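As the structure lists them, so they are numbered: ligands from 1, and atoms in each ligand from 1. Since the structure is predicted, the reported quantities are computational estimates derived from the model, not experimental observations. Hydrogens, waters and symmetry mates play no part in the numbers below; they use all other heavy atoms, side chains included.
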Amino acid sequence: MEVEKVNSILVRKYNTPAPRYTSYPTVPFWNNEIDIEQWKQVFKNKFEEQNPIAGISLYLHLPFCESLCTYCGCNKKITTNHKVEEEYLLAIEKEWVIYRRLMKQTPVIRELHIGGGTPTFFSPRNLQRLLNFILKSSIRHPRHEFSIEGHPNNTTREHLKMLYGLGFRRISYGVQDNDHEVQKIINRIQPFENVKAATETAREIGFTSVNFDLIYGLPLQTPESIERTINQTIELKPDRIAFYSYAHVPWTSRAQRLFDETHLPSPEKKILLYLKGKELLIKNGYIDIGMDHFALPTDELFLAWKEGRLHRNFMGYTTSSTKFLLGLGVSSISDTGNAFAQNNKSLHEYYEAVGENKLAIKKGFFLSEEDEAFRKYILDIICKGEVSFSSKHLPLLQQYSFPHLTQLEKDGLLELGNQRVTVTEQGHNFLRNICAAFDLHLQRHTKDGKNMFSQAI
Ligand code: SF4
C-alpha cells in the first residue's frame, strides 16, 4: 500500500506525454526530407561493416487488418479484400531487390521480425512466398531469431507450421484485454478460448517463446477486469509480456474518437490498473525488465537483461546483437546505427516509388557524433539501468541533463555518482523520464524543460 501511495504521487508529478525511446533522436526531430543518395551511401558503408560482424536485422511491415480496433495507433489499412495481398507482396519484394542491389555481400540475417497491421491477415502461402523470396538471396545466421506478431483470431495451425518450418520460434499475440465489455468498446472481440488455442497450438508446433501484448488504461477497464485478464494470462504462462500504457491521442489516431472519453479511467485509476497488473505478474514469477516489459526467468529477454545484452530498437526490446536494421514495407523504419530512414506512410505513394524502382523513403535523420554518444547514454539507461558518461560531455550534461537528474535523484528514482547514473528500483517505472534528461533535442526544444516528463507508467 505504501509503495502504491509513493508511486501515485510520483506518477502524477511525471505524467506528461513523452517518447518511448525506440530511437534517438526521436521521430519528431527527424528531417521531413532526406538526401536519398546520402542515405544509400551510409547504408552501403554500414552494411559492409556490420554484415560480417553480427549480421543484420530485418523488419517486414504488413499493414492490413480486417477490422479496426478503436484504440489502435499503428500504421494499418483496414480491408476485408484479400486481393490486396498480391499487390503488396510484389511491392515489398521489389523493395528488397532495390536494397539487395546496394549490398555487395550476401546479407546474413540474424534477426527477422514481421509486424503490422496483422501479419496473419496474409495467407500462409503468401507469407511463405515472401519469406522464401528474401531468404533465397540471403544467408541465415546460425543463431538466427525469427519472430512474428500474430492475431489470436486468425493465426492458424497452417500459419504456425509454415513459420516454424522456416525457422520462426517466437510469436507475439496481441491480447490487449480479455474482458468482453472492454473488447466490445475497443471493437476487438477476441474470446479467451482463441487466445488459449493460439498459444497452445504454437507451443505444440515447437515455438519456444510465446509473448503477449496487454494494455492498461483502456476504456471500461477496472482493477477487477485487469485482475481477471492477468490471471487468465498467467494460466497460459506466456514467456514475455508487454504491458503497455494506452496512449489517448485522438488528434492523431482518429479511431480513438469513436469511443466515449468518459469511459476512460482517470490518471489515478490508470495507475492502480498498472500496479495491480504488475503486482500479479511479479507474484507469479515474472521479472520487470523495464519500460512495460515482463519476462519469465527462463526467457531469453530476461537472460539478455541480466547479462547486459539487451538492446532496444523500433521493435521494442530485443536480444539481438546486430546494429543494422533494414525495414521493408509501407511506413517501415531502417536504422544503420548512424542514420534512420522511414518509408512513406501512404500505401499509394509507397507503391508508386517502388514501382519506379526507387526507395520509398519519406523522412529520416543522420546522426552527429554528439547524437551517437547521447543515443548510447539513453540505450544504457533503458537496457542496463545505468550509464557512465565521458568527461568530454560534462559541459553539455551540466547544462541540459543535470538539472533534471538532480530532481529525479531527490525523488529517489536514481543515484547520481561521479560521471555515473544508476536507476533505483522505484526509478524503473520512470525510465522514460530519466531518458528524457539525456535527450538533448528535447531539452534544447523545451526551454524550461517542463514538458520533458512523460507518462511514466
Ligand atoms: S490493433 Fe492491431 S489488429 Fe487492431 S487495427 Fe491496430 S494493427 Fe490492426
Side-chain angles (χ1 to χ4, degrees), residues 20 22 59-82 84-85 88 92 113-123 126-127 147-156 159-160 163 170-192 194-195 197-199 202 210-221 229 233 238 240-259 263-264 292 314-316 327-333 342-347 350:
R20 286 174 184 276
T22 51
Y59 171 73
L60 309 176
H61 188 78
L62 306 184
F64 303 109
C65 303
E66 286 205 339
S67 69
L68 177 67
C69 311
T70 52
Y71 65 86
C72 177
C74 301
N75 194 280
K76 74 277 173 188
K77 312 286 163 204
I78 309 298
T79 180
T80 50
N81 175 11
H82 283 261
V84 295
E85 292 180 35
Y88 195 78
I92 203 167
H113 182 75
I114 310 181
T118 306
T120 44
F121 173 98
F122 284 72
S123 67
N126 278 340
L127 276 181
S147 57
I148 186 164
E149 290 162 19
H151 195 310
N153 283 355
N154 67 8
T155 305
T156 62
H159 279 116
L160 293 165
L163 291 163
R170 193 166 75 245
I171 184 155
S172 297
Y173 286 122
V175 176
Q176 325 310 0
D177 192 292
N178 290 333
D179 185 271
H180 187 65
E181 291 309 307
V182 175
Q183 291 188 357
K184 265 199 325 207
I185 201 166
I186 61 172
N187 195 37
R188 190 182 172 108
I189 301 296
Q190 184 178 271
F192 178 64
N194 291 8
V195 178
T199 304
V210 178
N211 313 159
F212 283 8
D213 288 348
L214 303 175
I215 302 181
Y216 66 92
L218 289 171
L220 296 184
Q221 276 182 335
T229 291
T233 297
R240 285 177 210 177
I241 296 169
F243 189 35
Y244 292 117
S245 166
Y246 166 67
H248 190 58
V249 284
W251 51 93
T252 54
S253 295
R254 291 161 69 94
Q256 294 181 350
R257 297 179 202 163
L258 294 173
F259 55 71
H263 292 309
L264 286 170
D292 319 314
F314 295 101
M315 295 173 263
L328 299 178
V330 65
S331 79
S332 276
I333 295 176
Q342 179 169 31
N343 276 349
N344 212 306
K345 288 185 181 178
S346 145
L347 201 50
Y350 171 74

Under 3.5 Å, side chain of E149 to main-chain N/O of G116, donor-acceptor pair present?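 A pair under 3.5 Å: yes.
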Drop me the distance from L220's CG to I186's CD1, to the nearest 0.5 angstrom. 10.0 Å
Element-labelled atoms of ligand 1 that are located less than 4.0 Å from some non-hydrogen atom of R188: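 Listed by number with element, the hits are 1 (S), 2 (Fe), 3 (S), 4 (Fe).
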Kindly write out the residues that satisfy side chain to side chain contact (heavy atoms under 4.5 Å, CB included) with N153, not counting sequence neighbours, or none if the list is empty.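 Testing N153 for side chain to side chain contact (heavy atoms under 4.5 Å, CB included), a comparison that skips the adjacent residues, returns H151, Q190, P191, N194.
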Under a 4.5 Å cut-off applied to non-hydrogen side-chain atoms, are Y246 and Q221 in contact?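 With C-beta onward as the side chain, the pair stays apart.
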What pairs with F121 under ring-ring contact (aromatic ring centres under 6.0 Å, His included), at least two apart in sequence or on another chain?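 F121: ring-ring contact (aromatic ring centres under 6.0 Å, His included) contacts with F64, H82.
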Atom 6 (Fe) of ligand 1 neighbourhood, protein N/O/S only, threshold under 2.8 Å: C72 SG
So, using side chain to side chain donor-acceptor pair (under 3.5 Å) as the criterion, who are the partners of S67 when residues are at least two apart?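 Testing S67 for side chain to side chain donor-acceptor pair (under 3.5 Å), a comparison that skips the adjacent residues, returns none.
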